[in-house]
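What follows is one structure encoded as structure tokens, with my remarks underneath.
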Amino acid sequence: MSKSATREKTPRLSSPDHHIGPVRWLHLVEWMRADGTITPEEADRIIARCSAAESAQSALVRLAAVGVQRASDGAPMEVEDLTKYLAQCAKLEYLRIDPLKVDVGKVADAMSATYAERNKVLPVQASSAEIVVATSEPFIDDWVAEVERQSGRRVRRVVANPQEITRFTGEFYALAKSVRAAQKAGSGNVASFEQLVELGRSNRQLDANDQGVVQVVDWLWQYAFDQRASDIHIEPRREQGVIRFRIDGVLHPVYTVPLGVMAAMTARVKLLGRMDVVEKRRPLDGRIKTRNPRGEEIEMRLSTLPTAFGEKLVMRIFDPDTAVKDLEGLGFTAHDAARWQNLVGHPNGIILVTGPTGSGKTTTLYSTLKRVATEEVNVSTIEDPIERIDPALNQTQVQPQLEFGFAEGLRALMRQDPDIIMIGEIRDLETAEMAVQAALTGHLVFTTLHTNDAPSALTRLMELGVPRYLLNATVLGVLAQRLVRTLCKNCREPDADPASKEMLADAIKPWKLNSEPRLYKPVGCIECRMTGYRGRMGIYELLMVSEKFRQLLHGEATLSDLRRQAIADGMRPLRLAGTLRVAEGVSTLQEVVAATPPMN
């Protein structure tokens with residue numbers, strides 16, 4: 001049978017403007033054939049494939065599985081592409097559900113879980129005047145009048161991915177149910193004001209092992225892993241608790257919970273972290289190991305702090321995907337990667353890594369130590385706290401309450417026959433002197449400082465009281481670093497504004513670019529949560545101590561003298577290193593300027 005004959009036998013279905021009822025896969029195929037989204041031949045292929053077997057899948061999911069090829073470019077249409085097309089047909093707004101922007105408590109109150117599942121809809125926003133409801137069946141609206149009558153609010157429909165509607169319906173309502181169960185377990189059945197007063201006098205608290213609390217904490221962790229969060233903040237406020245995630249260096253509000261539930265969640269986490277649950281007057285540290293949805297082991301570092309309204313808890317997440325990276329994955333350019341590899345290959349000396357808190361020093365150090373920690377060497381660390389447990393390293397935690405600090409730990413490590421030593425941070429002269437002594441006696445020492453740039457690390461050590469001649473004899477190099485957000489590759493657009501190139505040229509003066517920059521600007525899409533950025537990368541300033549630099553360091557050279565010599569030896573200032581990444585189209589000048597000190 002010819003293709004034309006097949007086409008003639010295919011039933012012609014109503015246009016989207018006159019369609020009522022559920023959307024079938026054949027409806028979408030005919031609509032796409034009619035408006036040229038797909039070719040007639042592609043429509044015949046899809047009909048033949050889909051007619052071969054029955055399926056209970058959504059029409060959008062079923063077509064995506066078949067592999068619908070767009071006529072304009074031949075690219076396959078995924079479920080999201082087909083959802084956008086369906087929204088256009090229905091003349092409704094398309095929405096990619098972002099769980100970080102959904103107030104789960106409010107949307108769960110807007111509609112029952114049973115009703116939402118029966119009608120295959122999900123409320124995603126709720127205000128005093130309007131409820132925004134996501135649906136994948138835009139031509140079925142018989143439920144709208146009932147919801148408006150019951151809630152007394154206007155319903156605005158949006159079209160969303162059916163898979164996401166199903167997934168988030170389960171997650172949102174399960175979370176809301178757990179929070180309510182936890183709150184009910186803590187408050188009891190209070191029927192009168194007198195019972196409420198009595199409850200307050202009894203100081204009854206929610207148990208950390210209540211099923212509702214356990215479920216909320218488990219959901220919180222899995223949700224954070226799924227959203228690529230690096231930190232979870234649980235913060236008490238005057239009237240409620242606030243949960244926020246740090247994603248790509250920026251905090252995002254996630255959920256608000258009653259103070260009683262928040263206190264029970266904190267107690268649950270402290271219990272799992274083997275912390276003193278009763279102690280709330282002083283800061284505490286702990287550690288938890290769990291697993292992400294992929295089954296990989298995740299380690300979290302816990303820190304509590306007493307505040308005006310209760311105990312604040314921060315959980316720092318160490319994802320195995322980011323724990324150890326190669327130099328390219330860390331963000332090193334080929335120029336600095338070769339110099340860094342040469343530096344860490346020395347048998348003895350001091351290598352400093354410097355930068356503010358949260359600039360990626362830990363990731364750089366652990367990634368480097370992991371590569372040098374072969375079976376032939378003994379790598380030992382002294383940390384406060386131990387950031388990440390690694391079986392290839394001998395890691396020691398300082399304990400100031402036992403008068404066991406960095407200096408005491410180093411003194412003990414020197415008797416443990418180490419080859420490579422990592423000191424978490426040099427904070428005082430005693431620790432600095434022990435690090436110098438270790439380097440002088442044939443050990444390779446890695447350590448960190450908090451300074452603005454690489455040359456300042458040397459002047460900081462001199463300010464602590466380390467003599468110039470000892471620095472001259474032991475320091476091999478200094479790596480300063482920062483983290484900048486990278487542009488989302490899914491939505492970034494070329495920046496053709498001449499002013500952008502002028503700003504870039506001004507930012508790197510007196511240097512000049514050797515080639516035409518490829519500038520991009522952030523746009524924002526669902527993949528990057530409308531920020532225009534997705535992920536972060538390091539930018540580096542690597543100072544290697546040359547013979548000329550040692551001569552300056554041994555004399556009375558100033559910080560400016562040291563900086564000029566380091567640049568002459570091949571160091572690229574942080575601002576310059578960042579703008580080179582901007583010229584490659586990886587980040588933006590605004591990000592680099594915000595993260596790096598100006599060039600002097």
Side-chain angles (χ1 to χ4, degrees), residues 79-80 95-108 122-125 134 160-161 163-176 178-179 215-235 241-257 261-262 265-266 268-269 288-303 312-323 325 358 360 363 483-491 522-537:
V79 176
E80 288 300 332
L95 176 72
R96 177 76 179 270
I97 301 174
D98 184 352
L100 290 183
K101 296 181 178 178
V102 176
D103 188 328
V104 178
K106 287 184 179 180
V107 301
L122 175 65
V124 290
Q125 292 177 24
N161 184 329
Q163 293 173 316
E164 290 191 348
I165 291 176
T166 301
R167 171 193 170 189
F168 290 124
T169 298
E171 288 188 8
F172 291 168
Y173 282 99
L175 172 63
S178 297
V179 171
Q215 290 174 349
V216 172
V217 172
D218 288 345
W219 170 87
L220 183 66
W221 286 345
Q222 299 306 317
Y223 193 21
F225 303 153
D226 186 52
Q227 300 299 317
R228 302 181 299 109
S230 61
D231 300 84
I232 304 171
H233 290 241
I234 300 180
E235 305 169 331
V242 177
I243 299 173
R244 298 194 289 174
F245 290 167
R246 187 177 295 279
I247 303 171
D248 296 336
V250 179
L251 281 171
H252 297 264
V254 175
Y255 197 50
T256 58
V257 294
V261 176
M262 190 214 69
M265 291 172 64
T266 302
R268 170 70 180 170
V269 174
I288 288 177
K289 281 190 177 182
T290 184
R291 294 190 179 275
N292 64 15
R294 300 187 299 273
E296 299 168 332
E297 191 175 78
I298 297 286
E299 188 168 321
M300 290 186 289
R301 197 182 78 197
L302 315 177
S303 174
K312 180 179 183 292
L313 171 66
V314 175
M315 292 171 268
R316 172 155 289 187
I317 302 168
F318 296 111
D319 194 317
D321 293 338
T322 61
K325 296 182 178 180
T363 300
L483 288 177
V484 295
R485 291 187 296 172
T486 53
L487 284 164
C488 175
K489 295 181 180 179
N490 188 57
C491 65
V523 177
C525 65
I526 296 299
E527 296 296 329
C528 61
R529 305 188 203 292
M530 304 307 294
T531 63
Y533 299 91
R534 182 177 173 85
R536 292 190 293 175
M537 68 179 299

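Starting from 1, each residue takes its place in the sequence as its number. Keep in mind that the numbers below use all heavy atoms, side chains included, and drop hydrogens, waters and symmetry copies. All values derive from a computational prediction rather than experimental measurement.
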Next on the checklist: Tell me every residue that passes side chain to side chain donor-acceptor pair (under 3.5 Å) with Tyr533, counting only those two or more places apart in sequence or in another chain.
Outcome noted: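 Result, side chain to side chain donor-acceptor pair (under 3.5 Å) vs Tyr533: Thr588.
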Checklist entry - Which one of Leu251, Ile317, Leu220 satisfies the side-chain contact (heavy atoms from CB on, under 4.5 Å) criterion with Phe245? => result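 Looking at Leu251, Ile317, Leu220, the match for Phe245 under the side-chain contact (heavy atoms from CB on, under 4.5 Å) is Leu220.
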Any side-chain heavy atom of [X] within less than 4.5 Å of one from [Y]?
X	Y	result
Leu175	Tyr255	yes
Met300	Val269	no
Met315	Ile234	yes
Lys312	His233	yes
Arg96	Asp98	no

Checklist entry - Are the side chain of Ser303 and the backbone of Val314 linked by a donor-acceptor contact shorter than 3.5 Å? => result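 No; judged by distance alone, with no hydrogens or angles, the pair does not exist.
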Checklist entry - Taking Thr486 for the side chain and Met537 for the main chain, is one N or O donor matched with an acceptor at less than 3.5 Å? => result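 Such a contact is absent between Thr486 side chain and Met537 backbone.
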Checklist entry - For the residue pair Tyr223 and Trp219, does the interplanar ring angle fall in the parallel (under 30°), tilted (30 to 60°) or perpendicular (over 60°) class? => result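 Tyr223 and Trp219: tilted rings.
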Next on the checklist: For a quick test of reading the model, state the closest non-hydrogen atom pair linking Val107 to Val124 and the distance between them.
Outcome noted: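 Heavy atoms of Val107 and Val124 come nearest at CG1-C, 3.5 Å.
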Checklist entry - Which atom names give the shortest non-hydrogen contact between Cys491 and Gly532, and what distance separates them? => result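 Closest approach of Cys491 to Gly532: SG-CA, 4.3 Å.
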Item to check | Residue pairs involving residues 219-230 (criterion salt bridge (charged side-chain N to carboxylate O under 4.0 Å, His left out); sequence neighbours excluded) | outcome: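 Those involving residues 219-230 are Arg167-Asp226, Arg228-Asp248.
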Next on the checklist: According to side-chain hydrogen bond (donor to acceptor under 3.5 Å, both in side chains), does anything in residues 99-108 pair up with another residue at least two apart or in another chain? List the pairs.
Outcome noted: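 Checked against side-chain hydrogen bond (donor to acceptor under 3.5 Å, both in side chains) - neighbours excluded - no pair reaches residues 99-108.
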